[in-house]
Amino acid sequence: PDEYSIHNIYPNPFNPYANIVYGIPELSNVKVTVYDLQGRQITVLQNDIQTPGYYAIQWDAAQYSSGVYFISLKTNAATITQKVLLLK
């Protein structure tokens, strides 16, 4: 990858699994976090040092209620956030 990015979150809307594909261009400490609409941290999906490349993780949201959530990718060099919709 040439830049930090969340390439795809699918399906969106989803129930109960969301697949998150992201890319990092250099060795980075990567933290992928889910927040609710009020900005409260719901869960951390990834928190590790990763080498350059594309990664895919899955969020199991079966225990959460329907609504809007935000997936945030944070590294030392970038912060990227995308909105997802959980429909039950």
Under 3.5 Å, side-chain donor or acceptor atoms of residues 18-29 against the rest of the protein: list the pairs with distances, not counting sequence neighbours.
from  : atom 1 : to    : atom 2 : distance (Å)
Asn19 : OD1    : Gln58 : NE2    : 3.1
Asn19 : ND2    : Tyr10 : O      : 3.4
Tyr22 : OH     : Gln50 : OE1    : 2.9
Tyr22 : OH     : Gln50 : NE2    : 3.2
Glu26 : OE2    : Tyr4  : OH     : 3.1
Ser28 : OG     : Tyr4  : OH     : 2.8
Ser28 : OG     : Glu26 : O      : 2.8

Evaluate the side-chain contact (heavy atoms from CB on, under 4.5 Å) criterion for residues Leu73 and Thr79: first the C-alpha distance (whole Å), next the side-chain angles of each, then the deciding distance (0.1 Å), finally the verdict.
CA-CA 6 Å; Leu73 168 70; Thr79 300; over 6 Å; no

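- Separation of atoms CD1 (Ile80) and NE2 (His7) is listed at 8.5 Å; rounding is to 0.5 Å.
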Walk me through it: do Gln82 and Phe70 pass the test side-chain contact (heavy atoms from CB on, under 4.5 Å)?
CA-CA 6 Å; Gln82 286 195 7; Phe70 297 94; over 6 Å; no

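- Pairs passing the salt bridge (charged side-chain N to carboxylate O under 4.0 Å, His left out) check and including a residue from residues 71-88, sequence neighbours excluded, do not occur.
- Applying the salt bridge (charged side-chain N to carboxylate O under 4.0 Å, His left out) test to pairs two or more places apart or on separate chains, those with a residue in residues 33-45 are Asp36-Arg40.
- Every ring-ring contact (aromatic ring centres under 6.0 Å, His included) that Tyr64 has, sequence neighbours left out, goes to Trp59.
- The ring pair (Phe, Tyr, Trp, His ring centres under 6.0 Å) pairs that include a residue from residues 23-44 number zero, where partners must be two or more places apart or lie in different chains.
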Can you list the steps and then say if Ile71 with Val84 is a side-chain contact (heavy atoms from CB on, under 4.5 Å)?
CA-CA 7 Å; Ile71 310 291; Val84 293; 4.1 Å; yes

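- One N or O on the side chain of Thr75 and one on the backbone of Ala77 form a donor-acceptor pair closer than 3.5 Å.
- Note on Ile57 and Tyr17: separate hydrophobic clusters, where clusters join Ile, Leu, Val, Met, Phe, Trp and Tyr whose side-chain heavy atoms are under 4.5 Å apart, directly or indirectly.
- Val68 and Ile9 fall into different hydrophobic clusters, where Ile, Leu, Val, Met, Phe, Trp and Tyr side chains are chained together by heavy-atom contacts under 4.5 Å.
- Residues Phe14 and Leu85 are not in side-chain contact: their nearest non-hydrogen atoms beyond the backbone lie 4.5 Å or more apart.
- A continuous path of Ile, Leu, Val, Met, Phe, Trp and Tyr side chains, each step under 4.5 Å between heavy atoms, connects Leu87 with Leu37, placing both in one hydrophobic cluster.
- Nearest approach of Pro1 to Gly53, heavy atoms of both residues: CG-O, 3.6 Å.
- For the side chain to side chain contact (heavy atoms under 4.5 Å, CB included) test, residues two or more places apart in sequence or in another chain that qualify with Pro16 are Asp60, Ala62.
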Test log, rule side-chain contact (heavy atoms from CB on, under 4.5 Å), inputs Thr43 and Leu45:
CA-CA 6 Å; Thr43 188; Leu45 301 174; 3.9 Å; yes

